[in-house]
Amino acid sequence: MKRIISLAVASAAIFASVASAQAQDVRIAMLVKNLGNGFFDAANKGGQEAADELGNVELIFTAPTAPTAEGQIEIINNLIAQNVDAIVISANDPTALIPATQRAMARGITVISFDSGIAQEGRQMQLNPSNNELIGVKQIQMASDAAGGSGEIAILSATAQATNQNIWIDEMRKELANANRSSLNLVDVVFGDDQSDKSYQEALGLFARFPDLKVIIAPTTVGIAAAAQAVRDEDLVGKVFVTGLGLPSEMAGHVDSGAVESFAIWNPIDLGYTATYAAFQIAQGNATAEPGDSIPVGRMGTLSIGDTGEAAMAEPFTYDASNVNDFKDIF
Ligand code: RAM
């Protein structure tokens with residue numbers, strides 16, 4: 001009797017170890033622009049949620065320290081050597097990563113981009129947080145509201161190569177070309193490289209060069225927080241307003257200070273969740289990402305793949321003094 005019990009215990013132990021080996025058998029790497037950015041920490045949280053829900057996924061969160069294509073290429077090469085199942089990338093350059101991601105795809109690794117895209121030939125799909133035109137128009141509308149409809153505005157962006165910011169800047173320029181926006185004058189576009197210090201210095205440079213500046217639009221969560229801090233430190237609250245894309249957790253104090261009247265963003269947790277979920281579906285052969293395809297993505301519903309292999313999520317949400325404090329503990 002004793003022997004039978006110990007055999008049963010031993011086989012349970014073997015079964016448990018086989019089950020745990022199976023339990024982690026899909027490895028998905030989330031490779032973001034750089035470390036230390038709260039936006040990507042929130043995306044990682046969503047990715048982890050998807051991994052836990054799917055049950056047999058290990059999510060590897062990784063990034064270079066600075067947001068460069070070179071740093072990401074080195075990591076992609078390492079991920080190929082580790083033979084991960086999928087790579088989900090927010091790219092620091094639309095084209096520079098293509099040879100590396102094509103090598104990954106040739107080895108059977110699923111590659112999708114999200115947030116900041118890779119050109120079509122370098123990935124299987126791109127997940128946009130929202131409609132790009134909407135993101136551009138929204139930011140010009142917020143800037144116009146802060147400027148009272150006219151005056152000098154400047155853009156403080158992330159890196160000069162960032163796919164997503166460059167698309168949004170193009171959309172902003174298109175919106176500014178409309179006759180009803182002709183009283184807004186875009187005086188400069190500068191780059192803070194998604195580094196707080198550099199973004200802060202670039203904001204100071206704008207104040208010095210453009211004494212009549214009314215608004216800084218920062219289409220980056222790092223840039224908007226740094227620019228708002230610079231406005232406060234230079235006692236420019238009420239003279240220069242900051243708007244753009246920010247995280248409620250990082251912007252609530254700046255809204256309270258008056259440096260920021262409104263800003264927008266989508267939910268980065270949902271974005272990371274959806275990107276990870278979609279990568280799993282493609283890697284497992286449950287879905288494909290050809291134009292016209294649909295990919296089920298758990299609690300976020302279904303993604304519809306458009307002509308260029310892109311899918312878009314929800315509209316950006318606007319935050320101001322009336323609601324920013326309700327969201328500051330979430331992301
Ligand atoms: C920064 C990054 C990211 C962008 C957000 C809005 O965190 O540049 O790519 O989507 O801002």
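Counting starts at 1 for both ligands and their atoms, in listed order.
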Below a 4.0 angstrom heavy-atom separation, can you tell me which part of Val222, side chain or backbone, both or neither, approaches ligand 1?
neither
Before giving the answer on side chain to side chain contact (heavy atoms under 4.5 Å, CB included), spell out for Gln141 and Arg181 the whole-Å C-alpha distance, their side-chain angles and the decisive distance to 0.1 Å.
CA-CA 9 Å; Gln141 185 57 51; Arg181 302 292 191 197; 2.8 Å; yes
Quick one: look at Asn37 and ligand 1, take heavy-atom pairs under 4.0 Å, and tell me if it's side chain, backbone, both or neither.
side chain
Please walk me through it: do Asn267 and Tyr273 pass side-chain hydrogen bond (donor to acceptor under 3.5 Å, both in side chains)?
CA-CA 10 Å; Asn267 184 325; Tyr273 171 94; over 6 Å; no
Asp293 vs Thr288, side-chain hydrogen bond (donor to acceptor under 3.5 Å, both in side chains): CA-CA, chis, key distance, verdict:
CA-CA 7 Å; Asp293 285 352; Thr288 49; 2.6 Å; yes
Determine, for Glu133 against Lys138, whether the closest basic-nitrogen to carboxylate-oxygen distance falls under 4.0 angstrom.
no
Under 4.0 Å to a heavy atom of Phe40 - the qualifying atoms of ligand 1, by number:
3 (C), 9 (O)
Atom indices of ligand 1, in the order listed, that fall short of 4.0 Å to a heavy atom of Gln165:
2 (C), 4 (C), 8 (O), 11 (O)
Any chance NZ of Lys198 has more than 12 other-residue heavy atoms, nucleotides or ligands included, within less than 6.0 Å?
yes
Nearest protein heavy-atom contact for atom 11 (O) of ligand 1: which residue, which atom, what distance?
Thr221 N, 3.0 Å
Does Trp168 approach ligand 1 within less than 4.0 angstrom via side chain, backbone, both or neither, non-hydrogen atoms only?
side chain
Among protein heavy atoms, which lies nearest atom 3 (C) of ligand 1, and at what distance?
Asp115 OD2, 3.4 Å
With clusters built from Ile, Leu, Val, Met, Phe, Trp and Tyr whose side-chain heavy atoms come within less than 4.5 Å, directly or transitively, what are the remaining members of the cluster of Leu134, listed by chain and number?
none
If you measure every N/O of Asn164 against every N/O of ligand 1, is any gap under 3.5 Å?
yes
Tell me the nearest of Leu271, Asp194, Thr163 to atom 2 (C) of ligand 1, using heavy-atom distances.
Asp194
Do the rings of Phe280 and Tyr277 sit parallel, tilted or perpendicular, given the 30° and 60° boundaries?
perpendicular
